[in-house]
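Structure first, then comments.
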Amino acid sequence: MSADTMIREEVVPVNRQVGLYAYDQVDRTFLRERIDQFRDQVARRVSGELTEDEFKPLRLMNGLYLQLHAYMLRVAVPYGTLASRQVRALARIAREFDRGYGHFTTRQNIQFNWIRLEDTPAALEVLAEADMHAIQTSGNCIRNVTSDEFAGAAADELLDPRVHAEILRQWSTLHPEFTFLPRKFKIAISGSPQDRVAARFHDIGLIARPGPDGRPLFEVFVGGGLGRTPIVGTKLRDDLPEEDLVAYLEAILRVYNEFGRRDNIYKARIKILVQALGAEDFRQRVDTEFSAMDRARYRLEPALVQAIRDRFGVPAFEPEGDAPALLAQARKKDRAFDAWVRTNTHPHRAPGYLSVVVSLKPAGGIPGDATAEQLDLLADLAERFSFGELRVTHLQNVVLGHVRQDRLYEVWQALSVAGLATANIGFITDIVACPGLDYCALANARAIPISQKLSSRFADLELQREIGALRINISGCINACGHHHAAHIGILGVDKRGEEAFQLTLGGSGEEDASIGQILGPAMSEDDTVDAVARLVDFYLVRRNGTERFLDTYRRIGTAAFKDVVYAPA
Amino acid sequence: MLLLENGHPVTDRWSYATEGEALGTGPVIVPLSRLSEGLGRSAGELGVMLPVDESVSVLRGALPRLSLIVITFPVFRDGRAFSQARALREHLHFTREIRASGHVLPDQYEFLVRCGVTTVEVPDNTDLPVWDRALHQFRVAMQPSVVNEKPTGFGLRRFLPA
Ligand code: HEM
Ligand code: SF4
């Protein structure tokens, strides 16, 4: 059967899923063929026909990393949205091929840390049955496109960015020209002026809004990033029209592919090219390419965008009714529930609804870890309370996007039983941490134990509420996978004469007031670092003005005073 | 060295110019440094090697006289030549043979062809069925290319030719 006949058989897929693009037979055929290819590549590697050097980029294209102790499989969660049946498939992989758990990452993906090479084709089959894959979750290609965890739900959103994220996912999937770039390439897209995707810290960041005629316009940032050389992205366009979105991104990637450095992997990201050429020169090269290229080939006609949009299920919201009143009653009756609602929900655009953030950061726990049982429960809850849709956040938590306010109490009770109702979103124990030396071959230090110590130290929820919004991120080395530069308090693992040690950075932010944290001083041992954080917090509590956040106090008072608190205790 | 076209070995009627020797009269591939010498010949088809760090625009003037352009992969990870091939087709409207040389993997064959490459040089001892399969394994692609495959009628997707 040719692909030609298949597409006629199923023009519009029957099972539309809220928040997610519905695959048709052509998409499924595409995945099958790619898994067959990978099975073939694994066989050629095992037989010795492929050297490890040749096999490496091929396995990376399929999301397979070699870590310290085992292979790690990173599964793509496009724009961070999952259907219940997909969450169950992930639970199955955790159970059958891993040690019973998975790990959500800061790029809205999920990783399995204990996969055997021989099992990977079978694991990919399980994924494919649920319309999922691991393509381009690693390697020097365009990575999984990330988006706002409150997309399609947030009260402040102007435009649901997931339709365009899907278009970019399709366009970038095994792109013939951009699969062997100088370095990996990350795109994030948001449809809210409240930047929840760190658009300014991506290779390309897009902020969408409706134009005067209702058609989307895009702000385009390029060359932001963290890693060794943290840089806030440069704005290239203010009002890129929708029809040119793919063409313009093609032009950026072409310039990068031609001129990006390939002699030094630490200087190979697009941010270095933009800095080396200067923003104006870079913009000019992109514009030259953009005006010379065959734009018609990449044009996004309104009908094309609409056809993709039609593949997304839309939630059928019920009228508000007395949902808010019932929620208010429940909150009055149960103080713990009230506290959780205050921290772990987000305003919804539909009256009578809220988005729920499920914390994967229990006191003393490992940030982002979820067991197979927890995944199954989350799948059930998504089905019962949120149109079968679950989202992954870039802060390693998960979100139930559309929960009716009068069902919130039930959701909270079910989460509590499973240890998933910690009321700490945005607080000091809502820590982001990379895998660090427990898994990662590049690490200088373990990121997980210090995260657990901090989480235990500040476990008291009363204390956390008193401290208020405070973001701690931890990276096990300068590659900054834990985004420590973008944290109010960043912790960086370094090697100090063969010992694991930690440096503090203060004052970073990944939001619309993006800034890069500054190094405070010499590195310290794990326990001294935990004590130093405690002293910083005490100092802030004494010196803050009114409801000022830690970040605001730091920006107002400046580094010197905070430095004394850590290095010159009275 | 074998030459592949559309997944199968074909006879290579071209030869590379030998350093320090005259170009002769047959189909010959010259390095960029000898392009004007090649253009000065009164007869014979001309091909040229485009270094991976050169812009395709250096060939603009010579284009009508060129029957073949060879692009090079110093190592398979270096993807610049993909862009060169695409630019030769898209910007310079070059319609004749583009040949990929150097270190390429069968797994890149489909990408090469979709960027406009016509023929690929592979080692003599290569596993030929692997190349053939690599090219014909796939029926759909998710984006347009300079080869102008038939749209599926949905999104940017294209049917790959059988
Ligand atoms: C063994 C596992 C991993 C390895 C070997 C690895 C390797 C690297 C390297 C070398 C860089 C620096 C790249 C550069 O800037 O040129 C980097 C950056 C990064 N990685 Fe990882 N990483 C791993 C796991 C992770 C995990 C678990 C996450 C998410 C939690 C992650 C997300 C990122 C992010 C977001 C960056 C930031 C760089 C940027 O976007 O500018 N990585 N990683
Ligand atoms: S920051 Fe360093 S230690 Fe942490 S995952 Fe990235 S490479 Fe590994």
Side-chain angles (χ1 to χ4, degrees), chain A residues 2-4 6-8 11 21 24 26-27 29-30 33-34 36-37 40-41 44 49-50 53-54 56-58 61 140-141 166-167 169-182 246 250 253-260 262 289 292-294 297-300 304-305 307-308 311, chain B residues 52-57 73-87 89-93 103-117 126-127 130 133-134 137-148 150-160 162:
Chain A
S2 80
D4 236 322
M6 284 182 311
I7 200 161
R8 259 181 255 122
V11 176
Y21 166 83
D24 61 19
V26 174
D27 294 301
T29 305
F30 180 88
E33 290 172 352
R34 300 293 156 170
D36 289 346
Q37 179 193 37
D40 185 56
Q41 288 162 346
R44 277 157 64 214
E49 188 186 330
L50 284 175
D53 187 48
E54 291 174 329
K56 186 176 165 188
L58 306 177
M61 286 290 293
N140 294 334
C141 52
E166 174 61 28
I167 290 171
R169 180 191 74 82
Q170 297 195 11
W171 159 73
S172 63
T173 296
L174 299 175
H175 192 295
E177 191 176 337
F178 305 137
T179 301
F180 295 86
L181 295 169
V246 168
E250 273 271 339
L253 265 297
R254 288 172 179 192
V255 171
Y256 173 52
N257 195 39
E258 182 171 353
F259 298 106
R262 292 174 186 267
E289 180 60 44
M293 73 195 290
D294 180 1
R297 180 175 287 137
Y298 306 97
R299 185 167 296 141
L300 294 180
L304 186 156
V305 178
I308 303 239
R311 292 281 182 90
Chain B
V52 71
D53 51 2
E54 280 288 352
S55 159
V56 298
S57 59
F73 288 79
V75 57
F76 70 93
R77 262 179 261 110
D78 183 340
R80 282 176 289 177
F82 288 110
S83 285
Q84 289 180 321
R86 192 266 313 141
R89 297 294 189 215
E90 185 177 345
H91 291 334
L92 301 188
H93 310 290
H103 186 191
V104 290
L105 302 182
D107 316 86
Q108 297 174 306
Y109 197 1
E110 177 205 344
F111 298 148
L112 289 168
V113 169
R114 299 197 69 223
C115 286
V117 168
T126 202
D127 191 350
V130 170
R133 200 161 63 237
Q137 196 169 14
F138 305 113
R139 290 175 287 176
V140 258
M142 301 304 283
Q143 65 291 99
S145 82
V146 285
V147 185
N148 289 324
K150 185 173 160 228
T152 67
F154 178 81
L156 293 170
R157 287 192 314 215
R158 295 295 185 268
F159 289 121
L160 296 177

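Treat the numbers as computed from the prediction; the structure is a model and nothing was measured.
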message = Less than 4.5 Å apart, side chain to side chain, heavy atoms only: is that true for A/R254 and B/E90?
response = yes
ask   = Contact part of A/L58 toward chain B, heavy-atom cut-off under 4.5 Å: side chain, backbone, both or neither?
value = side chain
request  = Using non-hydrogen atoms and a 4.5 Å limit, figure out which bit of A/R34 sits close to chain B: side chain, backbone, both or neither.
outcome  = both
query = Does any heavy atom of chain B fall under 4.5 Å from the side chain of A/Y21, the backbone, both, or neither of them?
reply = side chain
ask   = In terms of heavy-atom proximity below 4.5 Å to chain B, should A/N140 be classed as side chain, backbone, both, or neither?
value = neither
query = What part of A/R297 is in contact with chain B, defined as an atom under 4.5 angstrom from a non-hydrogen atom: side chain, backbone, both or neither?
reply = both
ask   = Looking only at heavy atoms, what is the nearest atom pair of A/E49 and B/V130, with distance?
value = OE2-CG2, 3.9 Å
task = Mind ranking B/L160, B/D127, B/V146, B/N148 by heavy-atom pairs under 4.5 Å with chain A and telling me who comes out on top?
result = B/V146
key: Lys/Arg-Asp/Glu bridge criterion (N-O < 4.0 Å) met for B/R86, A/E250   = no
key: Interatomic distance, A/H175 atom NE2 to B/F82 atom CZ [nearest 0.5 angstrom]   = 11.5 Å
A/R44 and B/D107, any side-chain heavy atoms less than 4.5 Å apart = yes
task = Verify side chain to side chain donor-acceptor pair (under 3.5 Å) between B/Q137 and A/D36, making sure each step is shown before the conclusion.
result = CA-CA 9 Å; B/Q137 196 169 14; A/D36 289 346; 5.8 Å; no
Closest non-hydrogen atom pair between B/R80 and A/N257, with its separation = CG-O, 3.3 Å
inquiry  = For A/F30, does the six-membered ring have the charged nitrogen or CZ of B/R157 within the cation-pi criterion, i.e. under 6.0 angstrom from the centroid and within 45° of the normal?
reply    = no
Minimum side-chain heavy-atom gap A/F180-B/F73 below 4.5 Å = no
remark   = Honestly, the part of A/V305 sitting under 4.5 Å from a heavy atom of chain B is neither
request  = For chain A, find which of B/S83, B/A87, B/P144, B/A134 contributes the most heavy-atom pairs closer than 4.5 angstrom.
outcome  = B/S83
inquiry  = At a 4.5 Å cut-off on heavy atoms, which part of A/T179 comes close to chain B: side chain, backbone, both, or neither?
reply    = side chain
message = Which atoms of A/L174 are under 4.5 Å from chain B, going by heavy atoms: the side chain, the backbone, both sets, or neither?
response = both
ask   = In Å, rounded to the nearest 0.5 Å, how long is the span from CG of B/L156 to CZ of A/R299?
value = 12.5 Å
request  = Can you tell which part of B/Q84 gets under 4.5 Å to a heavy atom of chain A, answering side chain, backbone, both or neither?
outcome  = neither
key: Check: B/Q143 and A/P176 side chains under 4.5 Å, non-hydrogen atoms   = yes
ask   = Do you know which two heavy atoms are closest between A/E33 and B/F138, and how far apart they sit?
value = OE1-CA, 3.3 Å
Proximal component of A/Q41, with respect to chain B [non-hydrogen, under 4.5 Å] = side chain
inquiry  = Closer than 4.0 angstrom, basic N to acidic O: yes or no for A/D40 and B/R133?
reply    = yes
query = For B/P106, is it the side chain, the backbone, both, or neither that has a heavy atom closer than 4.5 Å to a heavy atom of chain A?
reply = side chain
key: CD-CG distance between A/E177 and B/L112, expressed to the nearest 0.5 angstrom   = 11.5 Å
ask   = Is the shortest heavy-atom distance from the side chain of A/D53 to the side chain of B/F76 under 4.5 Å?
value = yes
task = Compare every heavy atom of A/R262 with every heavy atom of B/R77, then report the nearest pair and how far apart it is.
result = O-NH1, 3.6 Å
